[in-house]
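Here is the structure we will look at, set down as structure tokens.
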Amino acid sequence: MGKDTERTKMNESQKTDEQVRVRMAPSPTGFLHVGGARTALFNWLFARQHNGTFILRIDDTDAARSTDASMQEIFDALKWLGINWDEKYVQSERRNIYDRYVSQLLDSGHAYYCYCTQEELEEIRTESRKAKSTRSYDGRCRELSSDMVERYVSEGRKPTVRIKIPDRQIRVDDMILGSRNIDPLTLEDEVIVRSNGMPNYNLTSIVDDAEMQITHVIRGTEHLNNTPKQIVIATALGFNLPLFAHIPLVLDDTGRKLSKRHHGDLVAVNRYREQGYLPEAMLNFVARLGWSYDDKQEIFSVDELVEKFDLARVGKSGSVFDIKKLEWLNSHYINQLDVSARTDAVIPFWQQEGLLDATEERDWLERIVDAVGERLTTFQDIIPQTRYFFTDDYEYEPKAVKKWWGSSDEKKQSAREILTNLQQILTDIPTFDLETVESAVWKYTDENDIKRVAAMQAMRIALTGTSFGPSLFDIVVLLGKDEVLKRIDKALANL
RNA sequence: GCCCCCGUCGUCUAGCCUGGCCAAGGACACCGCCCUUUCACGGCGGCGACACGAGUUCAAAUCUCGUCGGGGGUACCA
């Protein structure tokens with residue numbers, strides 16, 4: 001065993017020093033999800049770090065479930081993340097390659113035709129389960145007589161092709177999980193070609209890894225059990241093995257694997273783009289799921305990730321997808337952007353909401369964004385934060401009204417008084433700039449012994465309908481004198 | 001059922017390989033205080049974990065075994 005470990009290590013450094021070739025192999029059966037994005041990122045980082053090649057391979061041998069639309073969606077998501085590929089392959093276009101290797105396996109006796117029907121297989125499975133067997137297929141078609149074959153063929157049965165699991169231990173080396181030996185009794189003669197002639201994942205995957213000269217297979221641990229099967233096929237075909245690195249799964253908050261089927265949009269990368277997340281934040285977030293650099297750094301630029309990422313520092317246990325942390329990172333990256341860039345990012349959201357009518361001046365928009373300041377967690381937040389700048393069609397939030405305008409007649413009267421006075425003051429001031437407005441309002445509150453917060457909040461609700469948001473004086477100036485007076489009128493009528 | 005993997009604060013993790021520096025550090029979240037025209041931001045503080053049990057050892061989060069717990073796979077899906 002000591003010898004083997006040594007050899008593995010040698011192998012490893014050799015390959016790292018040589019040309020690194022890695023691949024991401026999504027199946028186009030839906031959108032790219034967070035876990036897939038992480039697999040892509042880890043592969044991509046590893047390739048870039050070693051000046052290697054990152055290959056995108058579309059594993060679409062399941063014609064029934066694969067769609068062009070989802071293939072496109074995966075491309076879009078990867079492009080948005082900035083994960084660019086150097087080579088691209090589509091498995092459904094490579095049938096002849098797989099067929100050639102299947103013939104080779106058949107000819108060399110490493111594989112055989114199986115004529116069992118679905119019903120028969122189901123029966124075998126039930127039986128072996130009852131018998132607590134480690135296998136669910138017994139290999140009964142390994143030695144079919146030519147008579148039987150003839151009979152099956154005449155019945156119109158279309159055979160599958162199965163790989164013969166050899167009778168010896170299979171050694172699996174994994175860069176993250178370590179090495180182990182697999183008892184062949186726990187493996188069974190897997191179907192490698194369907195009865196419709198289309199090869200299966202375990203065949204195409206390892207054949208392509210060899211054909212494409214993949215040096216490191218970095219993929220999720222859901223494939224851990226496939227690895228010995230693929231090693232068997234590779235060995236039968238005389239391939240050199242790539243190095244395997246199985247990264248732990250991304251989990252939901254109940255500890256289950258994130259999947260398109262169970263989690264839907266929550267895990268769709270493209271959905272995060274639409275909601276106003278930054279690719280830098282998504283990348284940073286996903287990189288830290290299972291990987292860490294040290295006990296200090298949380299924020300990593302893409303360049304830093306390329307430099308610092310290390311498979312040896314990827315943990316063995318699964319990580320829960322915590323959107324709160326993603327949000328924190330996103331607001332961090334948004335705040336790194338200058339006002340102009342933030343404005344660019346936010347305009348599509350205003351447009352989508354129908355708030356822009358092309359009369360707004362860029363400068364005014366930028367001032368709004370500036371006033372909003374660090375209050376954005378996602379760009380989508382710009383809508384509730386700034387809606388009232390574009391329309392006076394907003395509701396007065398009941399909770400805010402109750403607190404700052406008051407529920408009793410007495411309190412309402414006092415709020416009405418304040419708003420009326422404020423309106424008068426704002427009408428009278430000579431210029432409508434920040435300093436003038438601010439000092440006039442404070443002069444009024446301080447001289448009349450009115451709490452600043454009470455006056456400000458009463459006016460804020462009048463102008464925005466809510467009790468939170470940017471500095472009130474910014475809002476007042478941005479809205480302009482006419483609009484402010486008009487809105488106070490409206491508030492007075494509603495109070 | 002069977003096979004495989006995993007197990008440090010609620011979450012992401014540092015520490016584990018090379019036992020003592022760990023009465024376990026950081027970050028997110030949460031709570032409180034400060035700042036403050038609101039909400040955020042920021043500053044300060046708080047809460048909070050080595051799954052359990054044996055063993056080895058002068059010494060165990062770190063090594064060994066067992067138990068328990070969680071997850072993945074078990075298809076003519078990938």
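What you are looking at is a predicted structure, and each value in this text was computed from that prediction instead of being measured. A note on names: the letters A, B, ... follow the listed sequences, proteins ahead of strands, and every chain is numbered from 1.
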Atom pair distance, as rounded to whole Å: [atom1] in [X] and [atom2] in [N]:
| X | N | atom1 | atom2 | value |
| --- | --- | --- | --- | --- |
| A:R375 | B:G42 | CZ | P | 13 Å |
| A:I299 | B:A27 | CD1 | P | 12 Å |
| A:Y293 | B:A14 | OH | P | 14 Å |

Establish, with yes or no, whether the OP1 or OP2 oxygen of [N] is under 4.0 angstrom from a side-chain nitrogen or oxygen of [X].
| X | N | result |
| --- | --- | --- |
| A:K296 | B:G26 | no |
| A:N200 | B:A78 | yes |
| A:T445 | B:U37 | no |
| A:N225 | B:C5 | no |
| A:R135 | B:G1 | no |
| A:R194 | B:C77 | yes |
| A:R125 | B:A75 | yes |
| A:R313 | B:C17 | no |
| A:S292 | B:A14 | yes |

- Message: Regarding A:N330 and A:T378, do their side chains bring together a donor and an acceptor under 3.5 Å, going by distance alone?
- Response: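 On atom types as modelled, these side chains do not qualify, holding no pair under 3.5 Å.
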- Exercise: do A:E397 and A:S467 side chains pair donor with acceptor under 3.5 Å: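 Absent: no donor and acceptor within the cut-off.
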- Task: Using the side chain to side chain contact (heavy atoms under 4.5 Å, CB included) rule, pick out the option among A:I163, A:L203, A:I97 that qualifies with A:V102.
- Result: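 Of A:I163, A:L203, A:I97, side chain to side chain contact (heavy atoms under 4.5 Å, CB included) with A:V102 is met by A:L203 alone.
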- Item | Main-chain N/O of A:V339 paired to A:T343 side chain as donor or acceptor, under 3.5 Å |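 Side chain of A:T343 to backbone of A:V339, a donor-acceptor pair under 3.5 Å: yes, one is there.
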- Message: Under 3.5 Å for both donor-acceptor distances, Watson-Crick or wobble: does B:A24 have a partner, and if so which one?
- Response: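 Paired with no nucleotide.
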- What distance, rounded to whole Å, do you find between the two P atoms, one in B:C63 and one in B:C16?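 Pairwise P distance, B:C63 against B:C16, rounds to 10 Å.
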- Query: Mind checking the P distance from B:C31 to B:U37? Whole angstroms is fine.
  - Reply: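 Straight-line distance between the two P atoms is 23 Å.
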- Side chain A:S471 and base B:U37 donor-acceptor under 3.5 Å: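 Such a pair exists between side chain and base.
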- Message: Quick check: any donor-acceptor pair below 3.5 Å linking the side-chain of A:S195 to the base of B:C76?
- Response: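 Result: at least one qualifying N/O pair found.
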- Nucleotide nearest A:R452 (side chain, heavy atoms from C-beta), chosen from B:U37, B:A78, B:U13: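 For A:R452, the side-chain atoms sit closest to B:U37.
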- Kindly point out which of B:A78, B:U11, B:C6 is positioned nearest to the side chain of A:V320?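 Closest of the options to the side chain of A:V320: B:U11.
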- Task: Report yes or no: is the cationic atom of A:K308 (NZ for Lys, CZ for Arg) closer than 6.0 Å to the six-membered ring centre of A:Y293, at no more than 45° off its axis?
- Result: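 Verdict for A:Y293: a cation-pi partner in A:K308.
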- Message: Distance to the ring centre below 6.0 angstrom and angle to the axis at most 45 degrees; does that hold for A:R387 and A:Y394?
- Response: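 Not satisfied by the 6.0 Å and 45° rule.
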- Task: Using a 4.0 Å heavy-atom cut-off, write out nucleotides 62-71 of chain B from 5' to 3' as B (base contacted by protein), S (sugar-phosphate only) or - (no contact).
- Result: ---------S
Tabulated below should be each protein N or O lying under 3.5 Å from an N or O of nucleotides 46-51 of chain B; please produce it.
none

- Message: What residues from residues 323-333 of chain A pass a heavy-atom cutoff of under 4.0 Å to RNA chain B?
- Response: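 Listed by number, they are A:K324, A:K325, A:W328.
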